[in-house]
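So you know, we letter chains A, B, ... as the sequences are listed, proteins then strands, and number each from 1.
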Amino acid sequence: MEALNWVKKQWDRVTAVGAAAAGAIALLLGWLGASDEVNPAGQIPYVISGGLAGLFFLGLAATLWLSADLRDEWRKLDRLEHQRSDGTR
Amino acid sequence: MSPGIELGRARVDVLWDVSSLVATGGAMLVGLALIVAAWVGASGLTVIDGQFAWLNLGVFGVVLAGAAGALWIMQGRRAVGRRMHAMLVVPGEARAPIGAGDLQAAATGNGAFVAAAAMTRYHVPSCLLVQGKSPAAKAPESFHRREGRRPCEMCVAGAVEAGQ
C-alpha cells in the first residue's frame, strides 16, 4: 500500500523510468533487427521503429523527469511562501 | 495550489497552464503518430529510394516531439525562476522607489539632499547609491554645492527632469 502511494505521488518519475526502459528496449530491438537484415530496404523500418521510437521515448523520459524536478521546486516554493506568510501575520 | 504572486502585470499562479499542457501533449502525440506512420509507410516498400521520405517524416516527428519537450521544460524553468525572483529579496532591489516628495523637492530646488562626508555627489534620500550607507543628515542643495559636491546623475538629475 505504501509502495502504491509512492507510485501515485511520483507518477511522473515512474512514467519517466518506464519510458526510458521502453526507449532502451526499442533501441536494442531495432539494432538486433537491423543487424539480422541483409537488405538495406529491410533495415529502414528497424531504424524507424527501433531508433526513432527509442529516441522519442528517451526524450519523453527526460522531459518527464525534469518536469518532476520542476514540480518539486514549485512545491518547495509553495512551502516557503506559506511559511513566510504565516510568519508575517 | 499557491496563492500566486503579482509580478507587474504577470501573475505566477501555476507552473504550467492548461494551454501549454495541451500544446505540448498534442505536439508529442503528433510526433509519435508521425513516427508510427513513417514505420508503417517504410515497411510497405521494398526499395530503399521510396523509404527515405518516410524516414524523413519519422525524423521530423522526433524533432517535433523533442522541441515540444524542450519548450515545456524551458517554460517551467522560467516560471520557477520568476517565482523565485519574486520571493527572494535581492538587496539592491529592496530600495524604495524615488518618492513623489523627493521628486518635488528636487524639482523645486528646496529639498534636502543627503551625502556622506567623503562623497563627491549629493543624492535624494531614496537614491540607490546611498542605500545601506550612512550619509550625514539632510541638508539643502546650496550646502552641498558649497562643499564642492555635484548632483547625483542617477537620482537628482533624473528627478529634476521628471519633475519638470
Enquirer: If you count heavy-atom pairs under 4.5 Å with chain B, which of A/Leu55, A/Leu77, A/Leu66 comes out on top?
Expert: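 The residue among A/Leu55, A/Leu77, A/Leu66 with the greatest pair count is A/Leu77.
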Enquirer: B/Arg149 side chain to B/Met119 main-chain N or O, any donor-acceptor pair under 3.5 Å?
Expert: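 Between the backbone of B/Met119 and the side chain of B/Arg149 there is a qualifying donor-acceptor contact (under 3.5 Å).
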Enquirer: Among A/Ser49, A/Gly42, A/Gly51, A/Ala53, which residue forms the greatest number of heavy-atom pairs with chain B at distances under 4.5 Å?
Expert: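 Highest number of pairs under 4.5 Å: A/Ser49.
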Enquirer: Before accepting this row, confirm whether a basic side-chain N of the pair A/Glu81/B/Arg83 lies closer than 4.0 Å to the acidic partner's carboxylate O.
Expert: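 Between B/Arg83 and A/Glu81 there is a salt bridge, with a charged N closer than 4.0 Å to a carboxylate O.
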Enquirer: Just checking, is any N or O donor in the side chain of A/Ser67 or B/Trp72 under 3.5 Å from an acceptor N or O on the other one?
Expert: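 On atom types as modelled, these side chains qualify, holding a pair under 3.5 Å.
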Enquirer: Which heavy-atom pair separates A/Pro45 from B/Gln51 by the least distance, and what is that distance?
Expert: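 In this case the closest contact between A/Pro45 and B/Gln51 is CD-NE2, 3.9 Å.
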Enquirer: Between B/Val59 and chain A, with a heavy-atom cut-off of 4.5 Å, which part of the residue counts as in contact: side chain, backbone, both or neither?
Expert: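 Answer is both: backbone and side chain atoms of B/Val59 are under 4.5 Å from chain A.
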Enquirer: Could you look at B/Val62 and say if it's the side chain, the backbone, both or neither that has a heavy atom under 4.5 Å from chain A?
Expert: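 Answer is side chain: those atoms of B/Val62 sit under 4.5 Å from chain A.
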Enquirer: If you measure from the Lys or Arg side-chain nitrogens to the Asp or Glu carboxylate oxygens, is any gap between A/Asp69 and A/Arg13 under 4.0 Å?
Expert: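 Yes, this pair counts.
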Enquirer: Any salt bridge between A/Arg75 and A/Asp78, counting N to O under 4.0 Å?
Expert: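 Salt bridge flag = no for A/Asp78 with A/Arg75.
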Enquirer: Only heavy atoms, only distances under 4.5 angstrom. Which residues in residues 15-23 of chain B are near chain A?
Expert: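 Against chain A, the residues of residues 15-23 of chain B that fall inside the cut-off (heavy atoms, under 4.5 Å) are B/Leu15, B/Trp16.
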Enquirer: Side chains of A/Glu37 and A/Tyr46: donor-acceptor distance under 3.5 Å anywhere?
Expert: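 Side-chain D/A pair, A/Glu37 to A/Tyr46: absent.
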Enquirer: Below 4.5 Å from any heavy atom of chain A, which atoms of B/Leu32 appear? Answer side chain, backbone, both or neither.
Expert: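 Both parts, heavy atoms under 4.5 Å.
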Enquirer: Below 4.5 Å from any heavy atom of chain A, which atoms of B/Ser43 appear? Answer side chain, backbone, both or neither.
Expert: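 Contact with chain A is through both the backbone and side chain of B/Ser43.
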Enquirer: Decide yes or no for B/His123 and B/Phe113: does some side-chain heavy atom of the first lie under 4.5 Å from some side-chain heavy atom of the second?
Expert: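 SC-SC contact between B/His123 and B/Phe113 ruled out.
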Enquirer: Between the side chains of A/Glu73 and B/Arg77, is the shortest nitrogen-to-carboxylate-oxygen separation below 4.0 Å, so that they form an ion pair?
Expert: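 Answer for the salt bridge query: yes.
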